Structure formats: C-alpha cells, structure tokens
Amino acid sequence: MTDDSPDQPHDFIREQIRSDLATGLHDHVVSRFPPEPNGYLHIGHAKSICLNFGVAAEFGGHCSLRFDDTNPAKEDQAYIDAIMEDVRWLGFDWGEHLHYTSDYFEQLYDWAVHLIREGLAYVDELSPEEMREYRGTLTEPGRESPSRNRGVEENLDLFARMRAGDFADGEKALRAKIDMASGNINMRDPVLYRIVRAPHPRTGDAWHIYPMYDFAHGQSDALEHVTHSLCTLEFEDHRPLYDWLIDNLPAPARPRQYEFSRLNLTHTVLSKRRLIQLVEERHVSGWDDPRMPTLTGLRRRGVPPVAIRDFIGRLGVTKSDGIVEMSYLENTMREHLNQTAQRRMAVLDPLKVVIENYPDDADDELDAVNNPNDESAGSRKVAFSREIYVERADFMEDPPRKFFRLGPGREVRLRYAYLVTCTDVIKDDAGNVIELRCTYDPESRGGNAPDGRKVKGTIHWVSAEHAVSAEVRLYDHLFTEEEPGSGDDWLDGLNPNSMELRQGCLLEPSLADLPAGETVQFERLGYFCADPDGAADNLVFNRTVSLRDTWAKEKAKG
RNA sequence: UGGGGCGUAGCCAAGUGGUAAGGCAUCGGGUUUUGAUCCCGUGUACCGCAGGUUCGAAUCCUGCCGCCCCAGCCA
C-alpha cells in the first residue's frame with residue numbers, strides 16, 4: 001500500500017477526500033455533525049462524531065456542530081445542552097463553528113420563494129392523507145396534485161400567507177415540482193415547508209412554517225461551505241433531492257453527500273424512538289442510566305471517552321451494515337482501563353475472617369501497587385488487621401482440586417499481605433458459613449514466605465476495622481437477546497437481571513473519596529466508578545465492566 | 001412488480017486482475033502476589049451462488065440468490 005500516513009484510518013470516505021484534495025477540487029475539508037435536538041446522543045452518534053471531527057482534523061479544516069432544529073414539535077433546549085456536553089465529553093471541539101439550522105430560516109424562506117418564481121415549487125392543499133394517496137406506492141407511480149400548476153403569483157401569495165400564519169397546521173404545504181412518477185419516492189414532489197404552529201426553542205413564535213429536513217440540510221451544508229456531507233445509509237435515496245435542490249438554488253457552495261452504514265450493537269437498541277421509550281416507560285432510570293448505550297449513560301457507567309473513540313476507530317467506516325458484538329466494546333473498555341485504572345480492593349459479598357494468631361493491637365500498613373502497568377501511579381498503604389473480610393465466593397467448604405482459593409486447611413495469599421491458612425469454619429444454626437478462622441504466617445509479610453513455598457491462589461480482602469461500606473451496582477446487558485426483535489415485541493428481550501444491586505459491600509477506605517469521573521479496578525472483580533447517587537455516608541459504585549474471568553468459564557464447562 | 005444500497009472466517013474489516021492483511025472472539029501453551037494483564041501459537045474464508053472473459057479474478061462481464069433502506073406535512 002502506498003501511503004504516507006500509515007497510522008491514519010483508511011476508508012472509502014477518506015479515500016474520496018484524498019482524491020478531492022489531490023485533484024484540487026478542495027484544498028481543505030469542512031464537515032459537520034448535525035444532530036436533531038430531540039433526544040440524547042448514543043454510541044451510534046459517536047461513529048458520526050468521530051468520523052466528521054476526525055476527517056476535519058486529519059485533512060485540515062474544521063467540523064462544526066449544527067443543530068438540525070427544524071421541527072419544534074419534537075425539539076427542546078434541554079437536548080441541545082445535553083448534546084453539547086456529550087460531544088465535548090467525547091473529546092471534540094467545534095470551536096467557533098456552532099450553528100443552528102434555525103439561523104438560516106430567513107435564507108431558506110427566500111430560497112423557497114426563488115423556487116416558486118422558477119416554477120419549481122407550489123403550494124398544495126392536499127391533506128396529509130390525500131397526499132399519501134396521490135404519492136402512489138413503491139411500485140406504482142403517483143398522481144399530480146390538482147394544485148400542481150397553480151400560477152407563480154398565487155403560489156407566492158399563498159406561501160406568504162402560510163408564513164403569516166393564515167392557515168392551520170396541515171392545511172397547506174409547499175412542495176417541490178419534480179416528478180410524481182419517479183421510482184425514487186423522495187422525488188415525487190416532496191414537501192418543502194409545512195405549517196407548524198408551535199413555539200420554536202430558538203425562534204420562538206417568529207415562524208408558523210418550518211422547512212423539512214430535505215429543504216434544510218443540504219442548504220445549510222452549502223451555507224456553511226461544507227465540502228463533504230457525511231450521513232448514514234438511509235439518506236442515500238435523498239441524495240438526488242439534495243443535489244436537485246442545490247442545483248436549482250443560487251447556493252454559495254456545492255457540498256457532496258456521502259453515506260456510510262450506521263453502527264449496530266448486540267444486546268442493546270440504538271434507535272432514538274426505542275431509547276425514548278425505555279426512558280419514558282421507566283425500563284431504565286433515565287437517559288444516563290449506566291445500562292443505556294447513550295453517551296451520558298456510558299459516562300455514568302465509567303467508560304473513558306478515549307475507549308469509545310478507539311472502539312469506533314477499530315470498526316472502520318463502510319457501507320455494509322452489520323451488527324457489532326457488544327463484547328468488542330467491552331474488550332476495548334478493558335484494554336484502556338487496564339492501562340490507566342488504579343487498583344483498589346473491595347469485597348462485594350463479605351465473609352468474615354478472623355486471623356487467630358494475629359495480634360489485636362497491631363498497627364500494620366502494607367504497600368499496595370496502584371497500577372502494575374503504570375509505575376508512575378505509585379503505591380499506597382493499606383491497613384491490615386486481625387479481622388478482615390474476603391469474598392464469599394473465594395471460599396468453598398469442599399473445593400475441587402483446581403479451586404485456587406480458600407478451603408478448610410488450604411493456604412492462600414492475601415494480596416499484598418500475608419499467607420493465611422484456613423483452620424476452622426464457623427456456621428450458623430442453619431448451616432450457613434458465617435465466619436472463617438485462619439492463622440497467618442508472620443514471615444510472609446508482603447505475600448511471600450521465606451521458605452519459598454508456592455501458593456497458587458491470591459485473594460483480595462479488606463480490613464474489618466478500616467473498610468467503608470457501599471452499595472455496588474453490577475450491570476449486565478440491557479437485553480438478553482443479541483438482536484431485540486424488530487417488531488412490537490422488542491421489549492420482550494429486556495434482561496430482567498441487567499442490574500444486580502449489592503448492599504453492604506466493603507471497600508478499601510481510600511475509595512471513599514474517589515473523584516467523580518475516575519474509574520478504578522477492584523482487583524479480581526472489574527472496573528468501577530463512583531455514582532452520583534452516592535453521598536459521603538452512602539457510597540454508591542457502578543461496575544463499568546468486569547474483568548475477563550476464565551475461571552467462571554471453566555466452571556461453566558462443568 | 002419500482003428505486004437505492006450491501007454480500008470476504010463467529011464479529012468488524014483490508015484487498016481496486018497475479019493467486020486472501022489485521023483486530024476481536026475461539027482453542028492451545030508460557031509468565032504472573034489480580035484464575036486479570038502480558039507473551040507465544042492456533043483458522044484451509046468453495047471471497048453469496050452459477051456461468052463467462054483471461055495465462056491468471058475476491059477483484060472485469062452476465063444471470064441468479066440473500067439481506068438492508070424508501071410510500072412522515074420526522075430527521
């Protein structure tokens with residue numbers, strides 16, 4: 001491959017850009033990320049964000065953030081604010097290039113008038129139902145509206161009155177005059193403007209008519225001198241209309257639209273409609289529920305934005321639609337967290353252990369490495385004492401040979417501490433194990449015995465006296481099914497155990513003041529971050545992702 | 001029965017006529033005070049199918065099959 005920049009991604013869009021730069025069609029790149037402010041951004045949007053901001057940065061140019069706010073009935077300022085926050089969090093900066101389609105309403109109106117004067121647009125009074133009927137079907141051509149050949153002056157007058165608010169919603173609409181027999185339904189005299197008597201988040205009551213997506217998007221691109229207008233595959237058959245409008249308007253630039261496939265992920269849904277439904281029907285706690293594939297949800301879950309960017313980058317950009325395994329995302333999260341997350345100890349399901357030969361009053365602090373993959377992370381002191389807690393799952397009364405943990409008479413290493421041997425098992429009346437008695441080897445401080453004996457298992461622990469308690473939320477896939485049904489039954493695939501609540505977990509005390517936004521590894525368990533639901537006296541942690549667990553896999557095999 | 005796309009290993013994806021990259025997963029093995037990490041090894045992908053052109057095709061041609069999108073005054 002002949003390439004001067006082997007580290008840069010290669011895909012058909014970047015190839016197109018290279019070509020356009022090479023032929024001199026453009027000498028820089030202008031792109032844009034154009035969300036409609038009617039919902040929260042999800043990981044699918046991240047693909048578009050990374051692509052658009054990515055190419056602008058790679059080839060010189062800029063990428064703007066443009067709110068496609070042409071439908072006041074569904075949009076809201078709160079979404080605008082949230083979207084900006086999410087894009088920034090993901091790691092992108094639009095600088096001065098913040099735009100709103102609503103900024104162009106006046107220009108768009110003038111252009112509509114221009115089309116009318118050219119005889120390329122007309123005011124129609126077919127009702128929505130009639131219009132659907134006249135449109136024909138996928139296989140049959142449509143019929144022309146009786147209003148189609150109305151005179152220019154009358155159209156001009158009617159359109160002005162639409163703007164003035166003389167008509168009710170749906171009473172009239174401005175349509176392009178193209179071809180009612182086109183195989184491409186978007187070309188069958190598409191509606192350009194409709195009457196919507198609703199206040200707009202930005203323009204208030206100034207307008208009673210609003211441009212449709214098709215009459216706004218390409219023109220906004222042109223006004224911003226966008227060179228490459230990148231969107232998803234479903235807009236492919238809008239491209240002829242996009243081009244038709246630019247061709248028939250005195251547009252200041254000639255953007256080209258390119259389409260790529262959107263991201264699909266297993267075990268979740270990525271359609272705005274469904275995400276809204278999950279929120280509204282309370283299947284999740286909100287847009288930022290850590291189980292949601294929204295950027296705000298992933299953030300609350302503790303996923304570093306760089307992991308998302310990296311994940312998106314690994315997928316590439318193509319036109320073929322597929323469905324990416326959620327485990328791929330999780331793996332990317334682990335990969336980044338493994339390098340950067342500090343290690344801590346936390347016991348999620350505590351089982352008390354008394355070390356009988358350990359002094360009551362010892363004041364023992366052990367050195368624990370903060371991140372074995374990053375020496376600069378240093379180490380910390382962890383208090384040890386006679387009574388500790390270990391993970392209940394790290395003890396078995398009658399363990400199989402390959403269980404490298406605690407069992408009667410078995411010796412294990414307490415991470416960074418001592419070698420201990422289980423000497424007694426204490427049970428309640430019902431026969432449940434409630435406490436372990438152990439002895440420790442005073443010579444093994446730090447975790448190694450002077451005699452060099454091998455201890456296969458190392459388990460984590462917390463000091464009873466020093467630990468802080470917390471609630472921990474363990475998340476799993478939102479859907480048990482890889483691909484939630486495409487029909488109304490899609491909710492049937494919801495995972496009833498997508499969140500497991502653990503109360504009374506015991507954490508290493510340093511976790512009490514873990515800064516928000518920092519994700520740490522609970523050794524041997526996974527990556528966790530503090531949740532905003534928590535308070536100083538009521539810590540709450542979210543599991544970002546578990547560690548890979550080959551032991552669990554081994555057990556599952558039987 | 002219309003229009004627009006897409007089909008390379010379980011998933012993502014290179015490849016643009018010269019005889020199939022890479023990543024993830026899987027399965028082995030090694031190292032290891034996280035059964036994590038790390039390291040090493042591991043896949044015959046009939047390149048959707050069938051013909052054709054060519055010395056030679058995943059790459060060109062023809063036909064077929066499968067999947068996705070489009071009939072909002074949503075984007």
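What you are looking at is a predicted structure, and each value in this text was computed from that prediction instead of being measured. In the text below, chain A, chain B and the rest are named by the order of the sequence lines, each starting its count at 1.
With B:rA75, B:rU1, B:rC24 as the candidates, the nucleotide lying closest to the side chain of A:T139 is B:rU1. Of the candidates B:rA75, B:rG7, B:rC73, B:rA75 carries the atom nearest the A:H238 side chain, counting heavy atoms from C-beta on. For A:R314, whose side chain is taken as the heavy atoms from C-beta onward, the closest listed nucleotide among B:rC27, B:rG4, B:rC24 is B:rC24.
For the P atom pair drawn from B:rA36 and B:rU31, the interatomic distance equals 13 Å after rounding to whole Å. When the C1' atom is used for both B:rA25 and B:rA13, the distance is 14 Å, rounded to whole Å. B:rG3 and B:rG52 have their C1' atoms separated by 29 Å, given to the nearest Å. Distance check on atom C1': B:rC65 versus B:rA50 gives 10 Å, rounded to whole Å. Rounded to whole Å, the C1' atom of B:rA45 lies 14 Å from the corresponding atom of B:rC11. Across the P atoms, B:rU26 and B:rC64 are found 42 Å apart, a figure rounded to whole Å. The gap from the P atom of B:rU34 to that of B:rA21 amounts to 37 Å, rounded to the nearest Å. Rounded to a whole angstrom, the distance from the C1' atom of B:rG51 to that of B:rC39 is 49 Å.
Base orientation of B:rG22: anti, since the glycosidic angle falls outside 90° of 0.
Nucleotide B:rG2: paired with B:rC70 (Watson-Crick or G-U wobble, both distances less than 3.5 Å). Using Watson-Crick or G-U wobble geometry with both donor-acceptor distances under 3.5 Å, B:rA50 finds its partner in B:rU62. Pairing partner, B:rG28: B:rC40, with both Watson-Crick or wobble hydrogen-bond distances short of 3.5 Å.
Using a 4.0 Å heavy-atom cutoff across all strands shown, A:E36 reaches sugar-phosphate atoms only and no base atom. Using a 4.0 Å heavy-atom distance criterion, A:L138 is classed as a base contact. Base contact: A:N448 has a heavy atom under 4.0 Å from a base atom. Using a 4.0 Å heavy-atom cutoff across all strands shown, A:R135 reaches sugar-phosphate atoms only and no base atom. At the heavy-atom level, A:F235 lies under 4.0 Å from base atoms of the strands shown. Among the heavy atoms of the strands lying under 4.0 Å from A:R415 is at least one base atom, whether or not backbone atoms are also near. A:M187 comes within 4.0 angstrom of no nucleic acid atom, judged by non-hydrogen atoms across all strands. Heavy atoms of A:P372 sit under 4.0 angstrom from at least one base atom. Backbone-only engagement by A:T70 is indicated by non-hydrogen atom pairs under 4.0 Å involving sugar-phosphate atoms exclusively. Nucleic acid contact class of A:T550 (heavy atoms, under 4.0 Å, all strands): sugar-phosphate only. Residue contacts shown for A:K272 are absent, as no nucleic acid heavy atom lies under 4.0 Å away. Backbone-only contact: A:G322 has heavy atoms under 4.0 Å from sugar-phosphate atoms and none from a base. Note on A:Q521: a base of the nucleic acid sits closer than 4.0 angstrom, heavy atoms only. Base engagement by A:E523 is indicated by at least one non-hydrogen atom pair under 4.0 Å involving a base atom.
For A:N186 and B:rG3, the shortest distance from a side-chain N or O to OP1 or OP2 is not below 4.0 Å. Note on A:R524: a side-chain N or O is less than 4.0 Å away from OP1 or OP2 of B:rG35. Proximity of A:S261 to the phosphate of B:rC68: no side-chain N or O atom is located under 4.0 Å from OP1 or OP2. Taking 4.0 angstrom as the limit, A:T458 places none of its side-chain polar atoms (N or O) nearer than this to OP1 or OP2 of B:rU34. An OP1 or OP2 oxygen of B:rG72 is reached within less than 4.0 angstrom by a side-chain nitrogen or oxygen of A:R132. Residue A:R194 places none of its side-chain N or O atoms closer than 4.0 Å to OP1 or OP2 of B:rG72. For the pair A:K319 and B:rC68, the criterion of a side-chain N or O lying under 4.0 Å from OP1 or OP2 is not met.
Between the CE atom of A:M131 and the C1' atom of B:rC73 there is a distance of 6 Å, given to the nearest Å. Remark: C1' of B:rC11 and CD of A:E330 are 13 Å apart, rounded to the nearest angstrom. The separation between A:W461 atom CH2 and B:rU34 atom C1' is 14 Å, rounded to whole Å. Atom pair A:R143:CZ and B:rG2:C1' shows a separation of 18 Å (rounding to whole Å applied). Per the geometry, NE2 belonging to A:H10 stands 16 Å off C1' belonging to B:rG23, to the nearest Å. B:rG7 atom P lies 10 Å from atom CG of A:L233, rounded to whole Å.
Looking at A:R309 and A:H336, their side chains never bring a donor and an acceptor atom within 3.5 Å of each other.
Remark: ring of A:W551 stacked against base of B:rG35; centroid gap under 5.5 Å, plane tilt under 30°.
Annotation: side chain of A:R256 is in contact with side chain of A:D243 (closest heavy-atom distance under 4.5 Å).
The base of B:rG3 is paired with the side chain of A:D237 by a donor and an acceptor separated by under 3.5 Å. A donor N or O paired with an acceptor N or O is not found under 3.5 Å between the base of B:rA36 and the side-chain atoms of A:H460. For A:E140 and B:rU1, a side-chain-to-base donor-acceptor distance below 3.5 Å is absent, hydrogens and geometry of angles not being considered. Taking 3.5 Å as the limit, the base of B:rG35 and the side chain of A:R405 contain a donor-acceptor pair of atoms between them.
Salt bridge annotation for A:E36-A:K74: absent, with no cationic side-chain nitrogen under 4.0 angstrom from a carboxylate oxygen. Of the charged side-chain nitrogens involved, at least one lies within less than 4.0 Å of a carboxylate oxygen, so that A:K381 and A:D367 count as a salt-bridged pair. Ion pairing between A:R524 and A:E391 fails under the 4.0 Å rule for side-chain N and carboxylate O.
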